[in-house]
Engineer: 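Pasting in a structure now, in structure tokens, and then I'll have a few things to ask.
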Amino acid sequence: MGRIFKTNKAKENLYGYLFILPVFIGVCFFVFYPFVYSFLSTFKNWTGLKPLEDAPWVQLDIYKKVFTDKVFWESFTNTLITLIGMPVGLILSMGLALLLNRGIRGTNAFRVIFYIPVVCSLAAIVVLWRELMSLSGPVNDVLSAFGIKRLNWLGEPRSAMAALIIMCVWKGLGASTLLYIAGLSGVPSSCIEAAKLDGANAWTIFWRITFPLLMPTHFYMLVTGVINGMQIYLEPKLLNNGGPAGSTRTLVMYLFERFGQKRVSEASVIAWFTGAVVFAVTALQFWWNGRREKA
């Protein structure tokens, strides 16, 4: 019986390996091979127009060239600045989720309305915000009504970055709100009722009960926010093409510029740098979350 059992087990394992073999081959060919190929290209002066094997070895010269480029650090700084929108979006989406979770009339309609920007075409959203933030647009009309001078939102470096952050926050607000609503559904009502019986006010209930119990949602939003924020490309590209004067040029935009200039080795260095930053920040967040859970 033991021998028959082992034979059947071996057959099941064999069938299982055969089923995952196509996926494994695809991962090796489309993930691992480009992964190694890209890493090797960082040590060569490769233009992408000929095989990597024919490109000359330059050791760490490409790394030095990229890390001493002023435009690289400006693009990296701009990318970090765009991450300011992440905590702003989390605070706004949490507030909306708390309001929509109160069971007021028309809640489902409001949920759909807030989620519309998430499913809309990014090109359409960019056109909309260009019109909203033009010199004669509604945003400046509101500002002028309060006696504030009209701003050239997309023509000045500081205001262009602010316009980009506002647009990104608005576009992602619906998805974040939906996640927080899902998180609020997991908060036990018995805890809130017990706190009310003990005389806790609304702020104490939120800060001492609701907010800590939403920590898994906070953690997920922070991790995905950093990953997506470090890879932002289409929004600044379509809104202002990285301008004015490169004030909204992000790291991924800088990477694609290097590809377009046939400086593939430099683009690979930028890609690996971006991946390393995302990995480091994500690992730090996981470490902090694990330490908090143990505490």
Side-chain angles (χ1 to χ4, degrees), residues 82-134 137-146 148 151 153-154 161-196 200-229 231-232 234-236 238-239:
T82 60
L83 293 179
I84 295 175
M86 183 178 61
V88 175
L90 293 183
I91 294 172
L92 292 176
S93 58
M94 196 190 321
L96 286 174
L98 290 170
L99 291 174
L100 294 175
N101 200 51
R102 296 174 65 88
I104 59 177
R105 182 178 297 180
T107 297
N108 292 332
F110 281 113
R111 290 180 182 181
V112 173
I113 292 172
F114 286 126
Y115 198 76
I116 287 176
V118 180
V119 298
C120 282
S121 168
L122 182 59
I125 290 175
V126 169
V127 171
L128 170 66
W129 278 94
R130 279 181 180 172
E131 292 298 323
L132 288 174
M133 293 190 167
S134 63
V139 174
N140 277 321
D141 290 341
V142 174
L143 292 177
S144 61
F146 288 94
I148 302 175
L151 296 175
W153 285 96
L154 301 179
M161 178 58 74
L164 173 63
I165 293 174
I166 293 171
M167 186 189 75
C168 292
V169 169
W170 180 80
K171 185 181 185 302
L173 199 60
S176 303
T177 302
L178 196 65
L179 289 172
Y180 272 118
I181 291 174
L184 287 170
S185 64
V187 177
S189 58
S190 58
C191 296
I192 298 177
E193 291 173 0
K196 289 180 179 178
N201 56 29
W203 171 252
T204 303
I205 292 173
F206 168 75
W207 186 247
R208 297 292 184 181
I209 299 176
T210 306
F211 188 83
L213 291 177
L214 284 175
M215 197 58 68
T217 307
H218 300 324
F219 178 69
Y220 173 79
M221 299 291 289
L222 285 172
V223 172
T224 56
V226 171
I227 294 174
N228 295 329
Q231 300 179 73
I232 185 171
L234 282 177
E235 289 84 351
L238 294 177
L239 183 65

Engineer: Let me confirm one number: the CE-SG distance from M86 to C168, rounded to the nearest 0.5 Å.
Structural biologist: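 Rounded to the nearest 0.5 Å, the CE-SG separation comes to 13.0 Å.
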Engineer: Between E131 and V127 (side chain of the first, backbone of the second, donor and acceptor by atom type, cut-off under 3.5 Å), is there such a pair?
Structural biologist: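 A pair under 3.5 Å: no.
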Engineer: For residues C191 and I209, report the shortest heavy-atom separation together with the two atoms involved.
Structural biologist: O-CD1, 3.7 Å
Engineer: Find out whether M133 and L151 are in side-chain contact, i.e. whether some heavy atom of one side chain is under 4.5 Å from a heavy atom of the other.
Structural biologist: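 SC-SC contact between M133 and L151 ruled out.
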Engineer: With sequence neighbours left out, write down each residue that passes side chain to side chain contact (heavy atoms under 4.5 Å, CB included) with I91, or none if nothing qualifies.
Structural biologist: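 I91 satisfies side chain to side chain contact (heavy atoms under 4.5 Å, CB included) with no other residue.
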Engineer: Enter the distance from M167:CE to L128:CG here, rounded to the nearest 0.5 Å.
Structural biologist: 10.0 Å
Engineer: Tell me every residue that passes side chain to side chain donor-acceptor pair (under 3.5 Å) with N108, counting only those two or more places apart in sequence or in another chain.
Structural biologist: none
Engineer: Quick one: pull up CG in L234 and CD1 in I125 and give me the separation to the nearest 0.5 Å.
Structural biologist: 11.5 Å
Engineer: For W129, check ring pair (Phe, Tyr, Trp, His ring centres under 6.0 Å) against everything at least two apart and list the hits.
Structural biologist: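 Counting only residues at least two positions away or on another chain, W129 forms a ring pair (Phe, Tyr, Trp, His ring centres under 6.0 Å) with W170.
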Engineer: How close do L164 and L239 get, counting heavy atoms only, and between which atoms?
Structural biologist: CA-CD2, 3.8 Å
Engineer: Tell me the ring pair (Phe, Tyr, Trp, His ring centres under 6.0 Å) pairs involving residues 92-119, sequence neighbours left out?
Structural biologist: none
Engineer: Using side chain to side chain contact (heavy atoms under 4.5 Å, CB included) as the criterion, list what pairs up with L83, not counting sequence neighbours.
Structural biologist: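 Once residues adjacent in sequence are excluded, the partners of L83 under the side chain to side chain contact (heavy atoms under 4.5 Å, CB included) criterion are L80, M230.
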Engineer: Closer than 3.5 angstrom, by distance alone: can the side chain of N140 be matched with the main-chain N or O of S134 as a donor-acceptor pair?
Structural biologist: yes
Engineer: For residues 186-196, which residue pairs qualify under side-chain hydrogen bond (donor to acceptor under 3.5 Å, both in side chains), counting only residues two or more places apart or in two chains?
Structural biologist: none
Engineer: Grab the two heavy atoms, one from L184 and one from A97, that are nearest each other, plus how far apart they are.
Structural biologist: CD1-O, 3.6 Å
Engineer: Do R111 and T177 have side chains that get closer than 4.5 Å, going by heavy atoms?
Structural biologist: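 The answer is no, as the side chains (C-beta and beyond) never meet within the 4.5 Å cut-off.
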Engineer: A side-chain contact here means heavy atoms from C-beta on lying under 4.5 Å apart; do E235 and T82 qualify?
Structural biologist: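 In short, these two side chains do not touch, never coming nearer than 4.5 Å.
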Engineer: State which residues pass side chain to side chain donor-acceptor pair (under 3.5 Å) with N228; sequence neighbours excluded, sorted by chain then number.
Structural biologist: none
Engineer: Any non-hydrogen side-chain atom of I116 less than 4.5 Å from a side-chain atom of C120?
Structural biologist: yes
Engineer: Within a strict 4.5 Å, meaning less than it, do heavy atoms of the V142 and P138 side chains meet?
Structural biologist: no
Engineer: Counting C-beta onward and ignoring hydrogens, is there a side-chain heavy-atom pair between R208 and W203 closer than 4.5 Å?
Structural biologist: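 SC-SC contact between R208 and W203 ruled out.
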Engineer: What distance separates S176 OG from L96 CG, expressed to the nearest 0.5 Å?
Structural biologist: 10.0 Å
Engineer: Quick one: list whatever passes side chain to side chain contact (heavy atoms under 4.5 Å, CB included) with L92, sequence neighbours left out.
Structural biologist: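 Counting only residues at least two positions away or on another chain, L92 forms a side chain to side chain contact (heavy atoms under 4.5 Å, CB included) with V88, V169, L173.
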Engineer: Please list, chain by chain and in numerical order, all residues satisfying side chain to side chain donor-acceptor pair (under 3.5 Å) with T204, sequence neighbours excluded.
Structural biologist: N201
Engineer: Tabulate below the donor-acceptor pairs under 3.5 Å that side-chain atoms of residues 214-223 make, not counting sequence neighbours, or state none.
Structural biologist:
{"from": "H218", "atom 1": "ND1", "to": "Y180", "atom 2": "OH", "distance (Å)": "2.8"}
{"from": "H218", "atom 1": "NE2", "to": "F211", "atom 2": "O", "distance (Å)": "3.4"}

